[in-house]
Asker: 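Pasting a structure below so you can have a look.
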Amino acid sequence: MALEMLVQAVGITLLAPLLQGFIQWCKARLQNRRGPSPLQPYRNLFKLLAKDMVVAGTASWISFVTPFVCFGAAIAVAALLPVVSSGWGVSDLFLIVYLFGLSRFLLALAGLDSGNSFAGMGSSREMYLAVLVEPAFLLAIVATAGAVGTTELGRMVQHATAHSFTLPYVLAAGAFFIVVIAECGRIPVDNPDTHLELTMFQEATLIEYSGRQLALLLWSVYVRQLAMVVLFVELFFPWHWFDLIPSLFVWGMLKIFLVGFLLALTETSTAKMRLFRLPNFLAASGLLALLALVAR
Amino acid sequence: MNDLELDRLFFQMVIIFLTGCMSAVALWKSPRLANCVSHGLAAGGCALMFYLAGTVLAGGEAVLIFIGRWLHAGEVALRIDPLAAFFLLLLSVVGGAASIYAIGYTADHYSRRYAILPVLFNLFLLSTVFVFASSHAGAFLIAWELMTLTSLLLVVYEHEHAANVRAGFIYVVMTYTGTAFLMAGFFIMAAAAGDLSFEKFIAVSLTQPQRDLVFLLAFIGFGTKAGIIPLHVWLPKAHPAAPSHVSAILSGVMLKTAIYGMARFYLEFLGVGPTWWGVMVIGFGIVSALLGVLYALMETDIKRLLAYSSLENLGVVLLGVGAGMVFSSAGKPLLAGLAWAAALFHAFNHGIFKALLFLAAGAVVQATGTRDLEALGGLIRRMPYTAAAFFVGALAISSLPPLNGFISEWLTLQSLFFLPQALTGVSGKIAGALLFIALAMTAALVAACFVKVFGIAFLARARSRKAETAKEAPFTMTLPMLGLAGACLYFGLQPHSMLQAISRVLQPYIGIDTRGLFEVDRIGLMIQANHAEGVLSVTLLAGLLLIGCLAAAGLYYLRGKAVRVTAPIWACGRAATPRNQYSATGFSGPVRWSFRYVLRSQRQRIVDENENIYVGRKLAYHQSIRYIVDEAIYYPVQRWILRQARFMKRLQAGSVQLYVGYVLVVTIVVLAWSGRK
Amino acid sequence: MFELILTALAIPFVCGLAVLAIRRPAAAAWFNLCGSLLTSATLFWIVRRFVAQGPFHQGGFMLDALNVLFLLIVAVLSLTAALYSIPYMAHELRDGHLTEKMIPRYFFLFQFFVLTMILTLVMENLGLLWVAVEATTLVSALLVAFSLNRSSLEAAWKYVMVCSVGIAMALLGTILLYYAQVQAGYTDVQPLGWFALSENAFLFNPALVKLSAMFILIGYGTKAGLAPMHTWLPDAHSQAPTPVSGLLSGALLSVAMYAIARNLAVFNLLPTVGQVAGQLLVGFGLLSIGIAVPFLLLQHDIKRLLAYSSVENIGLIALGFGLGSPLGLYGALLHLINNAIGKSALFYVSGELVQQYRTKQILRIRGVIRVMPVFGGMLLALVLAVSGLPPFGTFLSKLTIIQAMFHDGWWQGLLALLLLAAVFAGMIYYTLKLLFGEPPANLKPLRLSPAVTVAVGLSLLLLVSTGFYVPVWLDALLRAAVVIVGGGGR
């Protein structure tokens with residue numbers, strides 16, 4: 001088991017930048033640009049891993065530790081996802097939410113660590129976003145897991161496979177998609193492509209990072225993004241037309257990149273929201289989840 | 001170890017605490033000596049208590065100590081059963097840490113009246129011991145009131161600040177009133193049971209309205225102590241007012257006496273009740289949790305912030321308690337066991353990490369002389385150990401893995417997750433969902449709150465001269481902090497032993513079944529309850545985190561030696577000053593805006609127009625929130641009472657004729673009354 | 001025994017007269033203390049003898065468990081009051097509030113006040129009991145008016161007026177009781193004798209006894225300061241010299257409660273009457289506690305604050321008596337003792353404060369804990385004691401009374417508890433004001449005289465010890481007294 005888990009973790013980690021590159025590529029295409037290759041994130045990470053780091057003089061060991069712990073948490077999440085078969089019977093959804101919470105907590109601290117006011121603002125907004133996202137996240141979980149009677153991911157996936165595309169799952173899918181957008185920091189919640197703009201959240205907390213540490217942080221962000229997408233796919237699109245393509249792996253890939261495309265599509269077709277409009281956006285997610293609950 | 005030896009151990013502990021008092025009195029002329037001896041003895045007493053409680057908790061057998069007969073009120077006895085032992089264990093850990101911490105901390109307070117401090121401290125610990133150990137309502141109330149009194153005196157110890165005295169007044173009046181409700185609850189049971197001993201109260205036969213009444217009375221009584229909103233007004237005032245080592249015990253242990261009392265009443269005396277009991281407890285719990293943390297997030301006084309956060313944590317504990325009661329009444333003993341275990345474990349964990357945070361905050365306040373977050377900053381370099389300890393506490397209180405707060409939060413989430421099994425129907429589902437929303441929001445707000453505290457107080461650059469020159473606390477202070485931080489980590493990674501002890505604590509009570517609830521196998525912690533399952537593998541998690549971090553380190557060094565160059569931060573081309581840093585008020589801005597209808601935030605901006613409008617325009621900014629509970633309940637009630645009092649005073653204006661008239665009127669009324677058929 | 005009682009009465013009589021001959025104030029004070037010591041010693045001796053030998057009755061005097069309890073109170077309080085009088089009078093003289101000539105008169109009245117109280121307690125005849133109660137009013141009114149200034153004269157005037165009306169009611173009730181006795185055909189026994197009554201009262205006409213009960217309760221209730229007949233009390237207690245205030249609040253109110261208890265013992269022989277009388281007392285009790293609340297919440301005068309606290313405590317005791325159950329009676333009797341000790345000591349403390357700060361205004365008395373730390377501690381302890389908090393005996397007795405209340409239903413008990421909480425809020429609010437804050441700059445605190453410390457410390461010691469342990473003999477006395485008041489005859 002342990003070995004499989006590690007293999008899965010490594011696999012997801014390695015795949016994560018590709019999804020990011022794919023989304024960026026799709027976006028560029030949708031915007032009639034040529035855009036960088038989908039492999040660009042790998043090149044970026046590889047380059048950053050070789051670079052020296054410029055560290056703020058005011059930063060403490062918190063800044064130093066954060067990239068490692070964030071990466072560690074991302075690895076843990078990647079290992080716990082029920083991708084191969086139906087998981088290990090040990091992955092709890094609450095645990096995953098709180099692991100995300102751990103990296104967010106440290107990242108926000110790191111933002112405050114340097115004393116840079118942009119980073120501080122990013123921390124503040126990141127934590128504010130968490131206040132909105134976490135309820136929506138947990139509610140979407142309850143909407144789906146409530147019928148299963150457990151929050152163990154493997155069992156949830158099994159249940160989802162058996163009841164795919166019933167009304168509660170469809171409604172919950174809508175709710176969860178909004179959560180995915182918010183967790184991945186995509187438009188209309190956050191704009192991952194900008195630096196130094198007053199709208200930014202997560203990118204701002206990274207502002208004082210450079211070189212290897214930045215690589216680790218970016219990578220963990222990518223892993224988190226992929227994890228969210230995988231969760232979404234596992235819970236809400238568990239179907240496989242084996243007549244068409246017999247391979248489970250290929251199906252999985254197809255679905256993941258389809259969701260990536262959806263994300264790119266949303267990013268292109270909507271505009272970034274004002275910070276204080278976000279509660280309404282996430283309330284929509286909550287409402288869908290509530291409907292899913294009632295429909296059960 | 002048999003009963004007799006534990007008996008003796010208990011009395012030895014009592015004697016040690018009393019010796020602690022006496023020695024401080026005897027040595028009052030040399031505060032230094034009094035400090036070391038008295039607080040050292042307190043720590044010794046706590047060590048004995050730890051051993052005693054641990055033995056009882058491990059053995060599962062209660063220790064009964066007979067004291068005597070008391071007036072008409074039956075046999076007075078002390079009984080340390082597993083429930084009491086569980087809370088005594090918490091007291092011993094927190095009290096021990098606070099005692100050692102006090103040696104270093106109170107060294108700053110040496111003065112003529114210093115001896116009072118250790119005397120009261122020892123008495124406070126002792127009376128809290130008796131609160132947990134008493135098995136007789138009279139003895140319990142004596143201990144309860146003594147605990148209140150000694151803590152009151154500790155709260156007003158620094159009476160040079162008028163605010164502390166005011167806090168003490170509100171505190172003592174609120175708890176006195178709360179105790180009145182408690183007494184009523186006890187006496188209603190006593191009227192049915194015959195006397196005041198707890199043994200007679202067990203499953204006492206009352207009519208249903210009487211049971212409801214006792215439930216409500218106990219809820220108000222203990223709720224006042226626990227600081228349930230809207231009975232909380234004393235808490236954010238009193239807890240910060242006390243010296244920090246006392247604040248730690250106030251928040252860490254004394255609040256838990258309320259949870260202990262609720263467990264006694266609702267588990268042992270009243271047994272399984274109707275569903276609305278639990279629902280009510282849950283309702284108050286969630287309101288306390290959410291409002292408590294909102295106020296905490298708005299706060300810039302570090303100790304008051306911690307006090308408000310205690311409201312939040314007690315709210316979470318109440319969620320467990322309430323869910324347990326709901327499950328009991330729905331006939332789901334295993335789930336009831338799960339919920340109660342979540343409540344007790346969270347109470348325990350909160351005791352530890354809140355004490356840790358208060359101790360660390362105390363060290364900060366002592367080093368910098370201010371409690372205002374906006375004046376702190378950069379302490380992580382000046383006070384590395386304190387910062388590390390506070391960091392662990394902040395992680396734990398934000399219920400992040402792999403620390404103890406996460407485990408109990410997870411258990412609470414699980415028990416709420418199963419709540420629709422007891423509250424059937426759509427309304428149950430919706431209620432459960434809303435609870436989830438609120439609890440998740442609470443958790444996120446707590447995280448935001450402690451990012452704020454740690455980030456503003458310890459990180460970046462100092463915002464004031466005092467913070468710039470702060471010095472690390474002596475080892476007597478850092479050691480207990482680090483010890484408590486270790487405990488946070490230990491119970492996060494090894495929750496099994498404690499959870500199994502808790503299931504032994506809960507097993508005897510009606511409506512609860514904990515057999516096989518917490519299974520530990522090679523994967524980790526499992527909960528199993530008929531139609532409910534959950535699994536949490538802490539060791540696996542820790543392993544994965546570790547592997548992940550190692551992998552990150554591998555990547556870090558993948559392409560050779562890392563070079564780090566230090567540079568100043570970028571501030572749009574200007575030299576960054578500490579004033580450029582994000583402030584605590586600014587940090588909580590978005591939340592304040594979002595919750596403006598609850599928080600009633602107000603801001604005031606004063607612009608000095610006389611200055612040159614291009615440069616150096618003077619700006620004063622003032623931000624405040626208004627407390628909705630105070631304004632909606634307490635102020636009107638206070639005004640009403642005073643208005644009535646003023647009116648009543650007119651009845652006695654000094655005229656003898658009127659006075660004689662009263663006597664005559666009374667005579668007539670009484671005669672008419674007595675003559676009625 | 002008879003001789004002992006006579007001695008106990010003779011000592012204050014002789015001392016009171018003798019002190020008039022002493023010109024030097026200090027000597028008079030010490031002489032007074034010696035007299036009180038002797039009186040108290042005699043009283044204690046009586047109590048001891050009683051515990052060993054049991055009830056006693058001879059020549060119009062009697063001793064049973066009930067009055068022995070009250071003798072105990074008088075013994076302790078007259079001693080502490082005499083002790084406190086020494087520094088108090090010295091200070092008043094120094095401040096020029098009194099002249100040297102007035103001092104012997106004070107001690108004369110003091111001794112006679114004690115004398116009348118003892119006399120009230122040992123009277124076997126309920127008629128003579130009334131006479132003795134009236135005598136206490138006379139002497140104490142003179143003490144209230146002692147300083148002969150405008151406000152004290154007014155207070156004494158109110159005291160006499162209101163109490164006269166009240167005591168007239170008591171007389172009427174006593175006469176009605178006598179009439180009931182005669183009507184029931186008991187003309188050959190001693191009229192209104194306690195023993196005769198306790199043997200035969202259950203044969204009396206209930207309607208008549210009920211009427212008498214109403215008058216007696218209102219009458220002695222006025223004297224005991226039960227609301228709404230309490231109106232004289234705050235003035236009288238705040239205007240009297242402080243040692244006397246302590247005696248008035250601690251001992252005299254208790255003596256009035258004794259009169260009520262003694263008569264209640266007769267009424268309780270007739271269950272219907274006992275019930276009505278009990279209800280009336282419960283009503284008075286609740287009203288007394290309630291009426292004290294506004295005056296304690298808004299108060300400027302430290303001595304009036306304490307006076308209202310007395311009203312509240314007497315109300316609580318009346319509650320206990322009114323309940324009629326053994327538990328309630330036990331609590332009430334125990335509370336009488338505890339409250340007497342605590343309240344008198346608190347008056348001494350307040351007197352000392354008033355003298356040190358030269359004002360009765362609470363708002364001007366500040367920072368006691370800084371100026372006189374030990375004394376401030378005592379003040380706080382005593383306030384907690386009279387508010388019924390552990391570790392003081394008052395807590396136990398209050399708890400017992402409240403517990404008894406819950407045997408008849410819960411709302412009265414809860415009401416009483418909430419009212420007590422409001423009372424406590426007022427008391428502690430002003431106490432904290434007194435204790436903390438910035439003391440006036442021009443205040444030069446004098447050294448506390450050891451007499452005060454001894455008097456207050458002794459009271460505190462007694463209160464703490466009753467807080468944990470009621471001695472066996474006292475417990476036996478209380479139980480016997482409960483039987484008597486509860487209508488169990490002798």
Side-chain angles (χ1 to χ4, degrees), chain B residues 68 70-73 112-113 116 138 141-143 145-146 148-149 153 156 159-160 162 164-166 168-169 172-173 176-177 179-181 183-184 186-188 190-191 196 210 213 217 641-642 644-649 651-652 654 656 658-660 662-667 670-671 673-675, chain C residues 154 157-158 161-162 165-166 169 210-211 213-215 217-218 222 228-229 231-232 234-235 276 280 291 293-295 297-298 326-327 330 334 369 373 380 384 387 389-391 395-396 399-400 402-403 405-407 410 413-414 417-418 420-422 424-425 428-429 432 435-437 467 470 475:
Chain B
W70 184 52
L71 303 186
H72 300 260
R112 265 174 51 110
R113 62 166 184 214
I116 299 170
L141 286 170
I142 291 182
E145 295 281 41
L146 280 179
T148 307
L149 283 181
L153 295 177
V156 298
H159 55 75
E160 287 78 6
N164 289 358
V165 178
R166 175 87 190 148
F169 167 69
V172 75
V173 169
Y176 190 94
T177 315
T179 311
F181 285 95
M183 284 183 185
F186 273 126
F187 290 147
I188 289 175
L196 286 172
Q210 278 178 325
L213 190 65
L217 290 170
I641 289 178
L642 289 181
Q644 296 302 315
R646 238 168 254 133
F647 172 74
M648 296 269 285
K649 279 194 79 170
L651 296 177
Q652 197 174 333
V656 182
L658 192 64
Y659 293 174
V660 173
Y662 287 157
V663 179
L664 296 179
V665 169
V666 166
T667 314
V670 165
L671 287 179
W673 170 77
S674 72
Chain C
E154 189 191 334
W157 153 248
K158 279 181 195 165
M161 280 305 290
V162 179
V165 175
M169 301 285 178
K210 189 158 84 179
L211 195 61
M214 298 301 112
F215 279 114
L217 290 184
I218 292 175
T222 310
M229 297 85 75
T231 40
W232 59 272
D235 287 305
V276 175
L280 186 62
I291 218 125
V293 172
F295 296 94
L297 287 179
L298 299 169
L327 198 59
Y330 190 101
L334 189 57
I369 205 92
L380 182 63
L384 296 177
S387 310
L389 279 165
F395 178 72
L396 289 197
L399 208 64
T400 313
I402 302 283
Q403 188 192 351
M405 291 193 80
F406 275 89
H407 280 283
W410 58 274
L414 190 58
L417 277 170
L418 292 180
L420 286 174
F424 175 71
I428 199 74
Y429 178 77
L432 293 178
L435 283 176
F436 303 119
V470 179
D475 186 54

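Each chain gets a letter, A, B and so on, in the order the sequences are listed, and its residues count up from 1.
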Asker: Pick from C:Met229, C:Lys158, C:Met161: which one makes a side-chain contact (heavy atoms from CB on, under 4.5 Å) with B:Tyr659?
Answerer: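 Single side-chain contact (heavy atoms from CB on, under 4.5 Å) partner of B:Tyr659 among C:Met229, C:Lys158, C:Met161: C:Lys158.
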Asker: Name the region of C:Leu217, side chain, backbone, both or neither, that has any atom closer than 4.5 Å to a heavy atom of chain B.
Answerer: neither
Asker: Measuring from atom CZ of B:Phe181 to atom CG of C:Leu418, what distance do you get when rounded to the nearest 0.5 angstrom?
Answerer: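 The CZ atom of B:Phe181 sits 4.5 Å away from the CG atom of C:Leu418.
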Asker: Run the side-chain contact (heavy atoms from CB on, under 4.5 Å) check on C:Phe424 and B:Thr177 step by step: do they pass?
Answerer: CA-CA 9 Å; C:Phe424 175 71; B:Thr177 315; over 6 Å; no
Asker: Counting C-beta onward and ignoring hydrogens, is there a side-chain heavy-atom pair between B:Val656 and C:Trp232 closer than 4.5 Å?
Answerer: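 The answer is no; the side chains never approach within 4.5 Å.
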Asker: Do you know which of C:Pro390, C:Ala421, C:Ser387 has the most heavy-atom pairs with chain B at a distance under 4.5 angstrom?
Answerer: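 If we count pairs closer than 4.5 Å to chain B, C:Pro390 comes out on top.
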Asker: Quick check for you: among C:Leu417, C:Thr222, C:Leu420, which has the greatest number of heavy-atom pairs under 4.5 Å with chain B?
Answerer: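 Looking at each option in turn, the highest pair count goes to C:Leu417.
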Asker: Assess the residue pair C:Leu396 and B:Ile142 against the criterion (side-chain contact (heavy atoms from CB on, under 4.5 Å)); give the C-alpha distance rounded to whole Å, side-chain angles, the decisive distance to 0.1 Å, and a yes or no.
Answerer: CA-CA 9 Å; C:Leu396 289 197; B:Ile142 291 182; 4.0 Å; yes
Asker: Select one option (side chain, backbone, both, neither) describing which atoms of B:Leu149 are under 4.5 Å from chain C's heavy atoms.
Answerer: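 Contact with chain C: side chain only.
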Asker: What part of B:Leu671 gets closer than 4.5 Å to chain C, counting heavy atoms only: side chain, backbone, both or neither?
Answerer: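 Only the side chain of B:Leu671 comes within 4.5 Å of chain C.
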Asker: Could you check which of B:Arg166, B:Gln644, B:Arg646, B:Glu145 has the highest count of heavy-atom pairs closer than 4.5 Å to chain C?
Answerer: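 So the answer, after comparing B:Arg166, B:Gln644, B:Arg646, B:Glu145, is B:Glu145.
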Asker: Tell me, side chain or backbone of B:Gln210 under 4.5 Å from chain C's heavy atoms, or both, or neither?
Answerer: neither
Asker: Can you tell which of C:Val162, C:Leu211, C:Thr231, C:Ile402 has the highest number of heavy-atom pairs within less than 4.5 Å of chain B?
Answerer: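 Top count of heavy-atom pairs under 4.5 Å with chain B: C:Thr231.
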Asker: If I measure from the heavy atoms of chain B, does C:Val276 come under 4.5 Å with its side chain, its backbone, both, or neither?
Answerer: both
Asker: Between C:Leu414 and B:Ala184, which heavy-atom pair has the shortest distance, and what is it?
Answerer: CD1-CB, 3.6 Å
Asker: I'd like to verify something: which residue of B:Val156, B:Leu213, B:Thr148 has the highest number of heavy-atom pairs under 4.5 Å with chain C?
Answerer: B:Leu213
Asker: With a 4.5 angstrom heavy-atom cut-off, which part of C:Ile218 approaches chain B: side chain, backbone, both or neither?
Answerer: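 The side chain, not the backbone.
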Asker: Taking all heavy atoms of B:Gln652 and all of C:Pro234, pick out the closest pair and write down the distance.
Answerer: NE2-CG, 3.7 Å
Asker: So, for B:Met183 and C:Phe395, which heavy atoms are closest and what is the spacing to 0.1 Å?
Answerer: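 Here B:Met183 and C:Phe395 meet closest at CE-CE1, 3.7 Å.
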Asker: So which atom in B:Met648 and which in C:Pro294 form the shortest heavy-atom distance, rounded to 0.1 Å?
Answerer: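 Looking at all heavy atoms of both residues, the closest pair is CB-CG, 3.6 Å.
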Asker: Please classify the contact between B:Leu153 and chain C as side chain, backbone, both or neither, with a heavy-atom cut-off of under 4.5 Å.
Answerer: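 For B:Leu153, side-chain heavy atoms alone lie under 4.5 Å from chain C.
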Asker: If you count the non-hydrogen atoms of other residues, nucleotides and ligands that lie under 6.0 Å from OH in B:Tyr662, is the total more than 12?
Answerer: yes
Asker: Select one option (side chain, backbone, both, neither) describing which atoms of C:Pro228 are under 4.5 Å from chain B's heavy atoms.
Answerer: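 Looking at C:Pro228, backbone and side chain both touch chain B.
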Asker: Could you grab the distance from atom CG of B:Asn164 to atom CG of C:Leu432, nearest 0.5 Å is fine?
Answerer: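 Going from CG on B:Asn164 over to CG on C:Leu432, the span is 11.5 Å.
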Asker: Is it the backbone or the side chain of B:Leu217 that comes under 4.5 Å from a heavy atom of chain C, or both, or neither?
Answerer: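 Contact with chain C is through the side chain of B:Leu217 alone.
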Asker: Flag the pair C:Leu280 / B:Trp673 as yes when at least one side-chain heavy-atom distance between them is below 4.5 Å, and no otherwise.
Answerer: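 Yes, their side chains come closer than 4.5 Å.
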Asker: B:Leu141 versus chain C, heavy atoms under 4.5 Å apart: side chain, backbone, both or neither?
Answerer: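 Both parts, heavy atoms under 4.5 Å.
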Asker: Using non-hydrogen atoms only, which part of C:Leu435 is less than 4.5 Å away from chain B: side chain, backbone, both, or neither?
Answerer: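 The answer is neither part of C:Leu435.
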Asker: Quick check: do C:Met169 and B:Leu664 have side-chain heavy atoms less than 4.5 Å from each other?
Answerer: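 The answer is yes; the side chains approach within 4.5 Å.
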Asker: Run C:Leu389 and B:Tyr176 through side-chain contact (heavy atoms from CB on, under 4.5 Å) and show every step you take.
Answerer: CA-CA 9 Å; C:Leu389 279 165; B:Tyr176 190 94; 3.7 Å; yes
